[in-house]
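It should be emphasised that the depicted structure is a prediction, and the values quoted were computed from it without experimental measurement.
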Amino acid sequence: MFTSCGTESNSTAILSAIKAQPNRKEIITTTVEHPAILSLCEALEKEGYTIHRMPVDRCGRLNLEAYRKLLSDQVAIVSVMWANNETGTIFPVVEMAEMANAAGVMFHTDAVQAVGKIPMMLQDTKN
């Protein structure tokens, strides 16, 4: 599918996931996502969705144990950027996607800041 921009691509992924799973009313993301993700999540929150915004530590890292505890059969999708364009932090999206898959949760990553800059071997992932 081709879209006009990254915002539209991200929105399409998230909105498609929640439309496909109308009984799942939770989304997991981070506090440092691109404004396109955060503003969509704010709008969805007003529609009754629960948005789990995972904080980062002072080095910009996520707590994967806290993430694991958020995964449930109520979560429609996880959306976490692969690389943060402001801090340079690389999030462990392969591991996070595997954890989401094991919990039966869809996973989305905005990888625009990572593509061509870090190795990405998606064919080697378990999912």
Side-chain angles (χ1 to χ4, degrees):
M1 176 186 302
F2 290 93
T3 62
S4 64
C5 62
T7 297
E8 187 177 358
S9 296
N10 289 330
S11 294
T12 298
I14 293 169
L15 293 172
S16 295
I18 63 174
K19 184 79 168 176
Q21 306 169 94
N23 295 328
R24 293 182 178 222
K25 299 289 186 184
E26 297 181 18
I27 296 169
I28 301 172
T29 192
T30 75
T31 57
V32 295
E33 292 302 303
H34 188 276
I37 299 292
L38 295 176
S39 62
L40 175 60
C41 286
E42 285 177 22
L44 290 170
E45 200 165 36
K46 291 175 184 171
E47 293 181 21
Y49 285 85
T50 299
I51 309 301
H52 302 283
R53 295 171 181 87
M54 297 184 314
V56 295
D57 67 14
R58 55 187 291 190
C59 294
R61 296 175 299 216
L62 296 169
N63 179 328
L64 290 185
E65 189 53 39
Y67 168 67
R68 183 184 320 274
K69 290 177 182 176
L70 288 173
L71 292 168
S72 76
D73 62 0
Q74 295 304 302
V75 177
I77 190 165
V78 174
S79 183
V80 176
M81 63 176 46
W82 198 310
N84 187 290
N85 59 310
E86 294 182 15
T87 65
T89 300
I90 308 296
F91 290 123
V93 296
V94 172
E95 183 178 358
M96 293 178 80
E98 290 172 355
M99 292 166 67
N101 185 56
V105 176
M106 291 185 185
F107 187 88
H108 164 260
T109 187
D110 179 342
V112 71
Q113 295 297 328
V115 173
K117 298 174 185 138
I118 62 172
M120 301 173 79
M121 305 301 289
L122 297 179
Q123 68 272 19
D124 294 341
T125 62
K126 295 177 186 177
N127 305 311

Within one Ile-Leu-Val-Met-Phe-Trp-Tyr cluster: W82 and M106, side-chain cutoff 4.5 Å: no
statement: One should read off an interatomic distance between I14 CD1 and C41 SG, to the nearest 0.5 angstrom, of 5.5 Å
task: Heavy atoms only: give me the nearest A76-I18 pair and the separation to one decimal.
output: CB-CG2, 3.8 Å
- request: Can you tell me which residue pairs pass the side chain to side chain donor-acceptor pair (under 3.5 Å) test with a partner in residues 38-47, sequence neighbours excluded?
  value: E45-R53
- request: Please examine the side chains of N23 and D73, heavy atoms only from C-beta on, and report whether any two atoms are closer than 4.5 Å.
  value: no
- prompt: L62 and V80: side chain to side chain contact (heavy atoms under 4.5 Å, CB included), yes or no, with the steps?
  reply: CA-CA 10 Å; L62 296 169; V80 176; 4.2 Å; yes
- prompt: E26 and S72: which non-hydrogen atoms are nearest, and at how many Å?
  reply: OE1-OG, 4.1 Å
- prompt: Are M99 and L71 close enough that some pair of their side-chain heavy atoms sits under 4.5 Å apart?
  reply: yes
message: Could you tell me if the side chain of F91 sits less than 4.5 Å from the side chain of L64, heavy atoms only?
response: no
- prompt: Do H34 and N10 have side-chain atoms, one donor and one acceptor, less than 3.5 Å apart?
  reply: no
query: With a 4.5 Å limit on heavy-atom distance, are the side chains of M54 and N63 in contact?
result: no
field: Atom pair CD1/CD1 of I27 and I77 - distance to nearest 0.5 Å
entry: 7.5 Å
message: I need the D110 CG to T29 OG1 distance, nearest 0.5 Å.
response: 10.0 Å
Atom pair CG (N101) and CE (M96), whose distance is rounded to the nearest 0.5 Å: 14.0 Å
field: Inter-residue atom distance L38.CG - E33.CD, 0.5 Å rounding
entry: 6.5 Å
field: Side-chain heavy-atom pair L44, L15 within 4.5 angstrom cut-off
entry: yes
Those residues that, when tested against Q74, pass side chain to side chain donor-acceptor pair (under 3.5 Å) (two or more places apart): none
statement: Of T109, L70, T30, V105, the one forming a side chain to side chain contact (heavy atoms under 4.5 Å, CB included) with V78 is V105
- request: With rounding to the nearest 0.5 Å, note down the distance linking CZ in R61 to CG in N84.
  value: 14.0 Å
- request: Evaluate side chain to side chain contact (heavy atoms under 4.5 Å, CB included) for I37 paired with H108, printing each intermediate quantity in order.
  value: CA-CA 11 Å; I37 299 292; H108 164 260; 4.1 Å; yes
Closest non-hydrogen atom pair, K19 against P22: O-CD, 3.6 Å
